[in-house]
Number of protein chains: 2
Amino acid sequence: MPVQQNTALLDDIELNTATSSILDELIGYSLKRAHIHVNKSLIGKLGEHDLRPSQFAALVVISESPGLTQADLGGQLLIEPPQVVTLLNKLEKLGLAMRVRCKPDKRSYGIFLSKTGEQVLGQLKTAARDTDLEGTANLSDDERVQLLALLKKLYRG
Amino acid sequence: MPVQQNTALLDDIELNTATSSILDELIGYSLKRAHIHVNKSLIGKLGEHDLRPSQFAALVVISESPGLTQADLGGQLLIEPPQVVTLLNKLEKLGLAMRVRCKPDKRSYGIFLSKTGEQVLGQLKTAARDTDLEGTANLSDDERVQLLALLKKLYRG
DNA sequence: TATTGTTATACTCTATAACTATA
DNA sequence: TATAGTTATAGAGTATAACAATA
């Protein structure tokens with residue numbers, strides 16, 4: 001029979017909405033959706049400072065280990081050396097961080113925050129805590145604690 | 001005093017390892033780390049079929065709503081129309097899905113899986129379940145159930 | 001005039017190979 | 001020779017504007 005026979009039927013297909021999908025069984029898929037959901041507000045807030053989430057994370061790590069090398073920073077952020085270069089170029093351009101040739105090994109830099117970087121980071125920490133609460137508004141405080149514990153156990157072992 | 005005075009000290013900086021970081025307070029950050037952790041094995045497995053996670057998710061959605069439009073698909077996957085085009089071009093090139101002009105509205109397509117697409121999807125579903133378990137091996141079955149419930153509550157409300 | 005899908009474009013993220021300067 | 005950082009490049013993901021065909 002001709003293919004076009006189904007045209008009328010196909011027009012009135014109802015999309016699955018309630019049916020259970022394999023995607024709903026996969027923790028990986030729900031992690032992605034949840035991450036998108038929570039990060040929306042953070043991205044918006046950081047955007048006011050011309051920063052991305054990874055750049056905020058870098059500021060935090062540098063602040064907690066001033067003088068660390070680019071290799072150290074990449075290791076903590078789980079990014080490759082070329083990404084560290086791009087990231088630091090941006091932070092230096094914004095006047096928030098700097099490379100200093102202060103190591104005996106003249107190939108490497110010590111990475112430090114500027115005074116401005118420390119000040120901005122202070123503001124960003126508060127903003128990040130706020131947006132994280134906003135993005136998880138569907139959870140109670142107890143549920144937030146449970147979720148955080150489960151997530152850390154998941155990826156830290 | 002001269003800046004270089006600190007050189008010897010800076011050489012022996014110890015990186016923070018145990019100190020608590022604000023990043024560890026943010027659910028958004030832990031979601032990202034957990035997602036990276038769980039998705040590694042899935043990406044590897046899907047790579048054997050020249051597929052990415054988003055393309056696997058598209059196969060699932062199409063299979064569950066055969067004949068849906070590109071706008072429907074993009075809505076379910078939370079991606080924009082141009083991304084749907086790229087995604088479907090890839091699936092058609094692999095012979096897994098196809099656009100069919102079967103709607104009264106001649107501007108739109110109905111999207112369907114091919115026979116091969118259905119068969120491949122069957123294999124991929126099993127593989128996805130396996131790799132999701134592998135990637136969450138640090139959790140017990142109870143903890144997986146709890147985590148999934150918390151994640152869905154988080155992004156679905 | 002509005003909508004579906006498409007193209008073009010751009011910016012971010014990610015990853016690898018090749019290069020430099022130091023070690 | 002090996003390593004720290006850099007450059008070049010390429011692929012994937014994301015987003016917007018502009019366009020064609022159809023409504």
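Letters A, B, ... are given to chains in the order of the sequence lines, protein chains preceding strands, and every chain is numbered from 1.
- Every residue meeting the salt bridge (charged side-chain N to carboxylate O under 4.0 Å, His left out) condition with A/Glu92, not counting sequence neighbours, appears here in chain and number order: A/Arg99.
- Pairing each heavy atom of A/Pro53 with each of A/Asn39, the nearest pair is CG-ND2, 4.0 Å.
- Nearest-nucleotide positions on DNA chain D for A/Ile111 and B/Thr86 put A/Ile111 closer to the 5' end.
- Remark: A/Lys125 pairs with no residue by the salt bridge (charged side-chain N to carboxylate O under 4.0 Å, His left out) rule, at least two apart or across chains.
- Going from atom NZ of B/Lys103 over to atom C1' of C/dT4 covers 12 Å, rounded to whole Å.
- A chain of hydrophobic side-chain contacts below 4.5 Å, direct or via other Ile, Leu, Val, Met, Phe, Trp or Tyr residues, connects B/Leu87 to A/Tyr29.
- Within residues 25-50 of chain A, no residue places a heavy atom under 4.0 Å from DNA chain D.
- A straight line from CD1 of A/Ile79 to P of C/dA15 spans 10 Å, rounded to a whole angstrom.
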Could you pull out the protein-nucleic contacts involving nucleotides 9-11 of chain C (nitrogen or oxygen on both sides, under 3.5 Å)?
none

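- Within the structure, salt bridge (Lys or Arg N to Asp or Glu O under 4.0 Å) contacts touching residues 32-51 of chain B (residues at least two apart or in different chains) are B/Lys45-B/Glu48, B/Asp50-B/Lys90.
- The nearest pair of heavy atoms linking B/Ala128 to A/Leu26 is O-CD2, 3.6 Å.
- B/Glu80 has its CD atom 13 Å from the P atom of C/dT4, to the nearest Å.
- Among the atoms of the strands shown, only primed sugar atoms or phosphate atoms (P, OP1, OP2) are found under 4.0 Å from some heavy atom of A/Ser54.
- With the end axes of the helix from C/dG5-D/dC19 to C/dA23-D/dT1 each set by five pairs, the angle from one to the other reads 10° at 10° resolution.
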Considering only distance and modelled atom types, tabulate donor-acceptor pairs under 3.5 Å from the side chains of residues 113-124 of chain A, sequence neighbours left out.
unit_1   : atom_1 : unit_2   : atom_2 : d
A/Ser114 : OG     : A/Gly95  : O      : 2.6
A/Ser114 : OG     : A/Leu96  : O      : 3.3
A/Ser114 : OG     : A/Thr116 : N      : 3.4
A/Ser114 : OG     : A/Gly117 : N      : 2.9

Using the rule given for side chain to side chain donor-acceptor pair (under 3.5 Å), can you reason through B/Glu134 versus B/Ser41, listing the C-alpha separation, both sets of side-chain angles and the distance that settles it, and then say yes or no?
CA-CA 7 Å; B/Glu134 285 173 30; B/Ser41 43; 4.6 Å; no
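- Residue A/Arg52 has its side chain nearest to C/dC13 when only C/dC13, C/dT22, C/dG5 are considered.
- Looking at A/Asp105 and A/Arg107, a side-chain N of the basic residue comes within less than 4.0 Å of a carboxylate O on the acidic one, giving a salt bridge.
- Taking CG of B/Leu42 as the reference point, atom CG of B/Leu46 lies at 4.0 Å (rounded to 0.5 Å).
- Spacing between atom CZ of B/Arg101 and atom P of C/dT4 amounts to 13 Å, rounded to whole angstrom units.
- In the hydrophobic clustering, where aliphatic and aromatic side chains (Ile, Leu, Val, Met, Phe, Trp, Tyr) are joined below 4.5 Å either directly or transitively, B/Leu78 stands alone.
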Might you work through the side chain to side chain donor-acceptor pair (under 3.5 Å) test for A/Thr86 and A/Asn89, ending with a clear yes or no?
CA-CA 5 Å; A/Thr86 306; A/Asn89 289 348; 5.7 Å; no
Taking only distance into account, with no hydrogens and no angle test, what donor-acceptor pairs under 3.5 Å do side-chain atoms of residues 136-145 of chain A form with protein atoms, sequence neighbours excluded?
unit_1   : atom_1 : unit_2   : atom_2 : d
A/Thr136 : OG1    : A/Asp132 : O      : 2.8
A/Thr136 : OG1    : A/Leu133 : O      : 3.3
A/Thr136 : OG1    : A/Arg144 : NE     : 2.7
A/Asn138 : ND2    : B/Leu154 : O      : 2.9
A/Ser140 : OG     : A/Glu143 : N      : 3.1
A/Ser140 : OG     : A/Glu143 : OE1    : 3.4
A/Asp141 : OD1    : A/Arg144 : NH1    : 2.8
A/Glu143 : OE1    : A/Ser140 : N      : 2.8
A/Glu143 : OE1    : B/Lys153 : NZ     : 3.2
A/Glu143 : OE2    : B/Lys153 : NZ     : 2.8
A/Arg144 : NH2    : A/Thr136 : O      : 3.1

Check the interface with nucleotides 18-21 of chain C: list each N/O to N/O pair with the protein under 3.5 Å, or write none.
none

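- Nucleotides of DNA chain D lying under 4.0 Å from heavy atoms of chain A occupy a range whose first and last members, 5' to 3', are D/dA2 to D/dA8.
- Here the straight-line distance linking atom CG of A/Leu88 with atom NZ of A/Lys93 works out to 14.0 Å at 0.5 Å rounding.
- Residue B/Gln70 is classed as a sugar-phosphate contact, given heavy-atom separations below 4.0 Å to backbone atoms only.
- Checking A/Pro82 against A/Ser108, the closest nucleotide of DNA chain D that is more toward the 5' end is the one next to A/Ser108.
- For B/Glu25, the salt bridge (charged side-chain N to carboxylate O under 4.0 Å, His left out) partners at least two apart in sequence or on another chain are A/Arg129.
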